[in-house]
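This report concerns only the one structure given below.
For the single chain, residues carry numbers from 1 onward in sequence order. Every heavy atom of this structure was used, including side-chain atoms; hydrogens, water molecules and symmetry mates were not. Order of appearance sets the numbers: ligands from 1, and atoms from 1 within every ligand. Predicted model only: the values in this text are computed from it and were never measured.
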Amino acid sequence: MNLEKSTQVFAEAKEVIPGGVNSPVRSFRSVGGVPPFIDGGKAAKIYDIDGNEYIDYVLSYGPLLLGHAHPVVTEAIQKAAEKGTSYGAPTAAEVELAKLVLKFMPSMDMVRMVNSGTEATMSALRLARAYTGRDCIVKFIGCYHGHHDSLLVKAGSGAVTLGVPDSPGVPAAVAGTTITVPFNDEAALEKVFVERGSEIAGVILEPTPGNMGLVPPKEGFLEFIQSLTKKYGALFICDEVMSGFRAAQGGSQSLFDIDPDITCLGKVIGAGLPVAAYGGKKEIMQMVSPAGPMYQAGTLSGNPLAMAAGIAALNYILDNDVCARVESMTAILTGGLQKIADKYGVPVQIHRLGSMFTVFFSDKPVTDFDSACACDLEAFKIYFHTMLENGVYLPPSQFETNFVSLAHGPEEIEKTLAAAEKAFKAVAEKK
Ligand code: HOZ
């Protein structure tokens with residue numbers, strides 16, 4: 001595969017951007033090699049500046065449920081852009097997207113738009129602290145909720161990929177208000193509440209974590225968290241930035257018997273533009289400024305281009321049963337991957353939920369951060385690079401989730417499985 005131009009631009013990039021990228025996992029540092037620099041995308045494919053094409057399973061880490069440059073989305077953005085790109089004043093489109101989001105997520109009565117998942121979770125924590133008058137937050141080891149100080153503690157995603165799950169620069173006093181617990185460990189969580197329940201403002205989690213790879217909750221685990229938070233007067237905060245419209249149309253919370261106090265959304269609700277949101281019960285959301293005293297603001301929040309993209313995408317998703325359609329294609333793909341891995345005797349744990357999946361290179365169940373970290377990262381590297389060389393672009397980390405879009409049809413799945421034949425064979429031969 002020729003990556004001459006990407007190699008040259010990457011070298012230039014490293015002179016002007018730290019590590020050459022604007023988000024660390026893109027650098028390929030953990031898998032090695034040069035990241036292809038992308039020139040464009042259409043439907044299920046992306047194209048790099050060297051003229052290589054790839055079937056894309058990154059999809060901007062989830063937002064592109066309809067695939068790249070879906071006409072419904074691009075036309076909505078173009079139309080909005082002709083009327084101006086930002087006003088710093090309210091628009092009817094913000095109300096329309098808010099209503100649409102609330103329709104999908106019955107646990108939420110009100111919602112506030114922000115620009116990134118990081119902002120959404122950061123604001124959700126401030127809200128939980130303001131509402132309860134308490135300082136401590138419980139998070140799960142290996143869950144990732146963006147890069148703000150309170151939550152960059154034992155974090156997954158790029159932080160673990162690059163080996164900095166506890167980043168320098170986070171003040172000890174802030175990190176000290178974050179209590180971490182292994183995911184799926186009811187006893188550890190209960191112990192924390194028994195010892196420090198009166199200090200805990202909320203528990204934040206990805207209900208179906210996707211940032212240590214995709215790890216499902218054990219039966220009853222989410223319900224247990226909900227009952228514990230209720231008992232101790234803490235808030236139950238679900239980060240569905242990744243799983244919203246991906247695990248299912250109503251997010252992971254629609255698959256379990258839970259009713260979070262606050263939910264964070266992002267990715268799909270902006271269809272690839274920088275949008276995220278936090279919302280929840282009216283009584284809690286009324287604390288947010290200017291309705292209440294908890295301050296949070298943003299010049300570009302509710303940006304008209306982003307609102308237009310989100311409205312167009314969510315209406316299309318609703319009208320065309322998109323989540324269910326993409327889920328069934330994803331199931332065909334993961335079933336095929338499992339068969340090929342078995343054929344070559346490569347031990348894997350393939351987890352799928354809706355249109356998200358992870359292939360863990362392990363012969364043991366993956367249920368939490370420790371078991372995810374015990375995967376064979378060398379095998380992952382071989383798999384990753386062989387897929388890339390054969391035109392399949394996967395997240396460059398064992399600790400990220402793969403995403404499928406509506407544009408991934410039988411032809412793309414067949415080509416992906418053909419590449420996987422080579423990839424699993426290569427892994428088996430290196431063993
Ligand atoms: N938070 C995204 C999903 N794990 C990754 C995006 C990034 O770190 O660039």
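No donor-acceptor distance shorter than 3.5 angstrom exists from the side chain of N211 to the backbone of G156, with no hydrogens or angles considered.
If you look at F357 and F403, their ring centroids are not closer than 6.0 Å. Centroid-to-centroid, the aromatic rings of H351 and F360 come within less than 6.0 Å. Centroid-to-centroid, the aromatic rings of F424 and Y344 stay 6.0 Å apart or farther.
Those atoms of ligand 1 with a heavy atom of N211 less than 4.0 angstrom away are 3 (C), 4 (N). Listed by atom number, the atoms of ligand 1 under 4.0 Å from S23 heavy atoms are 7 (C), 8 (O), 9 (O). Close approach of ligand 1 to E400 is summarised as follows: ligand atoms under 4.0 Å from at least one heavy atom of the residue are 3 (C), 4 (N).
Nearest to atom 2 (C) of ligand 1 among the protein's heavy atoms is K267 NZ, 3.5 Å. With hydrogens left out, the protein atom closest to atom 1 (N) of ligand 1 is Y144 CE2, 3.6 Å, a heavy atom.
Using the six-membered ring where Trp is involved, F28 and F384 have ring planes that are perpendicular, over 60° apart on the 30 and 60° scheme.
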